[in-house]
Structures are given as C-alpha cells and as structure tokens.
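As a basis for the values below, the full set of heavy atoms in this structure was taken, side chains included, without hydrogen atoms, waters or symmetry mates.
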Amino acid sequence: MNRGKYNFTFLFFYVTIIILLFSCQKQKKNYYESIAFNDIKLSSSPKPGSWRYNHDEQFQTFEDFQKLKKIKPQSGKNIIYLQPIGTFDELQKKEIALTQHYLKTYFQQETKVLPVLPNTIFPEKVKRISKEGQEQVLAGYVLDSILIKRKPKDAIVLMGITEKDLFPLPEWNYVFGLASYENGVGVTSIPICRRTINRF
C-alpha cells in the first residue's frame with residue numbers, strides 16, 4: 001500500500017470540496033444591483049394618478065431620448081456644480097452633501113458645492129405665500145436671473161437647491177423643480193422633496 005498516493009488523493013478531495021464551497025457562496029450585490037427591483041417599465045398609456053393622465057404630453061421612448069442632443073462633458077467643461085440658496089439646517093446641509101456624493105457616483109463626474117447664497121437674492125416681486133402658508137419663489141427667476149449668470153465656465157451643469165418652495169406660474173400651486181436643458185441649469189426645492197418623501 002502506497003501511503004503517499006492515498007494522502008495525495010485525500011488532499012485533492014478536501015481542496016476540491018473547499019473550492020466548491022467558496023465558489024458556491026452568494027456574491028454580494030453592488031449598490032445598483034441591489035436597487036434594480038425599483039426599475040419598473042413605464043406604460044405608454046397613462047394611468048389615473050400619473051402626470052400624463054392629467055397633462056397632455058407626448059410619450060417619449062428610450063429610442064426618442066437617444067436621438068436628442070445631449071449635454072456631454074468636454075475638456076475644460078466637465079464639472080457638476082450645486083448652488084445652495086437660503087438658510088439650511090444641519091439635516092438640509094447633509095441632504096446637499098448626499099446629493100453631491102450621489103451625482104458624483106452616478107455621473108462619474110467631479111461635483112462641487114458652491115458657497116451658499118442668501119435668500120435676500122430674491123426680490124419681493126418673485127416671492128409669494130402659498131395657500132399652505134409657505135413662502136415660494138418663482139422658479140424661472142432662479143434660472144434666468146441667478147443661475148445662468150453665475151454658471152462657472154468649467155461647469156457642465158449648475159443645479160440650484162433652495163430651502164424655499166418653488167412655483168413656475170401664478171396659476172400653479174408649486175413645482176418640484178425647473179430646468180433649462182439648453183443652458184444647462186436647473187433648480188429644485190428641498191422642502192417639496194422632503195414633504196413628498198414623508199407621504200410614502
């Protein structure tokens with residue numbers, strides 16, 4: 001009886017079992033794989049409660065989107081900027097920091113937060129009090145009179161973040177945000193986003 005032969009056989013057997021055990025272990029999902037269940041295909045026909053059910057807008061397919069002229073990073077024009085406007089509490093400051101981190105991760109582009117602008121930048125003529133008693137700011141003014149004029153030369157886009165509610169037109173209650181694709185600027189409101197999250 002050759003002991004060396006049997007020792008080698010047992011060693012090979014155990015190594016094979018160990019390799020199989022480790023290779024069969026479930027691989028940890030990355031962030032995007034773990035949230036993939038949220039991806040729900042949109043229906044081309046709007047359902048009650050959806051935006052397009054109450055607003056006559058053309059359905060856009062992915063192929064339609066692919067044909068559009070896109071904002072793309074270029075040499076010397078490739079930074080995403082965030083422009084906070086208002087007085088923010090600690091939680092809101094954290095939301096801005098998380099937004100910066102998310103945008104940097106998602107778009108794989110350097111993302112910077114600019115120094116905060118005060119609410120005094122809004123003249124009285126672009127402010128109003130909503131039915132709920134919230135002070136609101138005209139979103140178009142933020143785009144045209146603040147962001148476009150302050151957009152850094154190396155910015156691919158500039159996104160304003162206000163701690164005030166926004167409205168786009170006098171007949172509208174509010175708007176989540178507004179953007180100018182052509183100018184690469186947009187603005188969103190922290191209070192609206194927070195109230196929406198709290199509903200769910």
Side-chain angles (χ1 to χ4, degrees), residues 28-40 42 49-51 71 73 78-152 154-181 183-200:
K28 187 177 178 183
K29 292 181 179 179
N30 67 32
Y31 173 75
Y32 298 104
E33 290 170 335
S34 65
I35 63 168
F37 69 91
N38 290 314
D39 295 337
I40 301 169
L42 295 176
S50 69
W51 175 269
I71 296 175
N78 55 6
I79 300 175
I80 298 170
Y81 283 94
L82 301 179
Q83 176 62 77
I85 307 170
T87 305
F88 299 92
D89 60 30
E90 290 308 310
L91 180 59
Q92 290 171 330
K93 289 175 186 174
K94 187 174 180 181
E95 288 176 50
I96 293 169
L98 288 171
T99 300
Q100 176 191 14
H101 176 72
Y102 177 83
L103 292 174
K104 182 178 180 181
T105 303
Y106 186 87
F107 290 106
Q108 296 294 295
Q109 295 294 321
E110 186 177 358
T111 305
K112 296 181 179 180
V113 179
L114 294 169
V116 179
L117 295 174
N119 280 321
T120 53
I121 202 166
F122 303 127
E124 288 301 317
K125 65 180 182 180
V126 301
K127 296 191 283 188
R128 75 175 187 188
I129 303 298
S130 69
K131 294 174 187 174
E132 294 79 24
Q134 300 287 331
E135 186 174 60
Q136 297 181 313
V137 176
L138 185 62
Y141 177 86
V142 181
L143 297 184
D144 300 332
S145 299
I146 299 175
L147 299 179
I148 289 175
K149 293 178 180 179
R150 292 172 176 268
K151 186 178 176 185
D154 59 352
I156 181 172
V157 291
L158 171 61
M159 177 181 169
I161 302 175
T162 74
E163 51 95 11
K164 299 286 185 192
D165 280 353
L166 298 167
F167 71 99
L169 296 168
E171 59 269 24
W172 283 54
N173 291 337
Y174 64 89
V175 69
F176 291 97
L178 191 66
S180 168
Y181 193 84
N183 295 302
V185 295
V187 62
T188 189
S189 164
I190 280 185
I192 288 290
C193 295
R194 186 179 291 175
R195 286 206 300 272
T196 303
I197 290 168
N198 289 340
R199 286 184 194 143
F200 295 99

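At least one side-chain heavy atom of E135 sits less than 4.5 Å from a side-chain heavy atom of K127. Using a 4.5 Å cut-off on side-chain heavy atoms (C-beta onward), Y174 and L166 make no contact. I156 places none of its side-chain heavy atoms less than 4.5 Å from the side chain of I79. Residues V187 and L143 have side chains in contact (heavy-atom distance under 4.5 Å, counting atoms from C-beta outward). Contact check for I85 versus V142: side-chain heavy atoms found under the 4.5 Å cut-off. Annotation: side chain of V113 is in contact with side chain of P84 (closest heavy-atom distance under 4.5 Å).
In this structure, the separation between OH on Y141 and CZ on F167 is 12.5 Å, given to the nearest 0.5 Å. The CD1 atom of I146 sits 16.0 Å away from atom NZ of K151, with the distance rounded to the nearest 0.5 Å. A distance of 7.5 Å separates CD of E110 from CG of N78, quoted to the nearest 0.5 Å. Atoms CE and CD, from M159 and Q83 in turn, are 12.0 Å apart once rounded to the nearest 0.5 Å. Going from atom OG of S145 over to atom CG of L138 covers 9.0 Å, rounded to the nearest 0.5 Å. Between the CZ atom of F88 and the OG1 atom of T162 there is a distance of 7.0 Å, given to the nearest 0.5 Å.
Using a distance-only test at 3.5 Å, with no hydrogens or angles considered, a donor-acceptor pair links the side chain of D89 to the main chain of L91. Judged by distance alone, with hydrogens and angles left aside, the side-chain atoms of R128 form a donor-acceptor pair with the main-chain N or O of P170 at under 3.5 Å. Using modelled atom types, one side-chain atom of Y181 and one backbone atom of I71 make a donor-acceptor pair closer than 3.5 Å. Side-chain atoms of T188 do not come within 3.5 Å of backbone N or O of G186 as any donor-acceptor pair. For Q100 (side chain) and T111 (main-chain N/O), a donor-acceptor pair under 3.5 Å exists by modelled atom type.
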Can you check side-chain contact (heavy atoms from CB on, under 4.5 Å) on K112 and L114, steps first, answer last? CA-CA 6 Å; K112 296 181 179 180; L114 294 169; 5.8 Å; no
Run the side-chain contact (heavy atoms from CB on, under 4.5 Å) test on I96 and I190 for me, step by step, so that the C-alpha distance in whole Å, both residues' side-chain angles and the decisive distance to 0.1 Å come before the verdict. CA-CA 9 Å; I96 293 169; I190 280 185; 4.1 Å; yes
Are T99 and L82 close enough, and set up right, to give a side-chain contact (heavy atoms from CB on, under 4.5 Å), and what steps lead you there? CA-CA 9 Å; T99 300; L82 301 179; 4.1 Å; yes
Determine whether E163 and N119 satisfy the following criterion, side chain to side chain donor-acceptor pair (under 3.5 Å), listing intermediate values before the conclusion. CA-CA 9 Å; E163 51 95 11; N119 280 321; 2.4 Å; yes
Start with the C-alpha distance between Q136 and V126, add both sets of side-chain angles, then the distance that settles side-chain contact (heavy atoms from CB on, under 4.5 Å), and finish with yes or no. CA-CA 8 Å; Q136 297 181 313; V126 301; over 6 Å; no
Where do K93 and E95 land on the salt bridge (charged side-chain N to carboxylate O under 4.0 Å, His left out) test, with the steps shown first? CA-CA 5 Å; K93 289 175 186 174; E95 288 176 50; over 6 Å; no
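The shortest non-hydrogen separation linking V137 to K164 is CG2-CB, 3.9 Å.
No more than 12 heavy atoms of other residues, nucleotides or ligands lie within 6.0 Å of OH in Y106, so this atom counts as exposed by the packing criterion.
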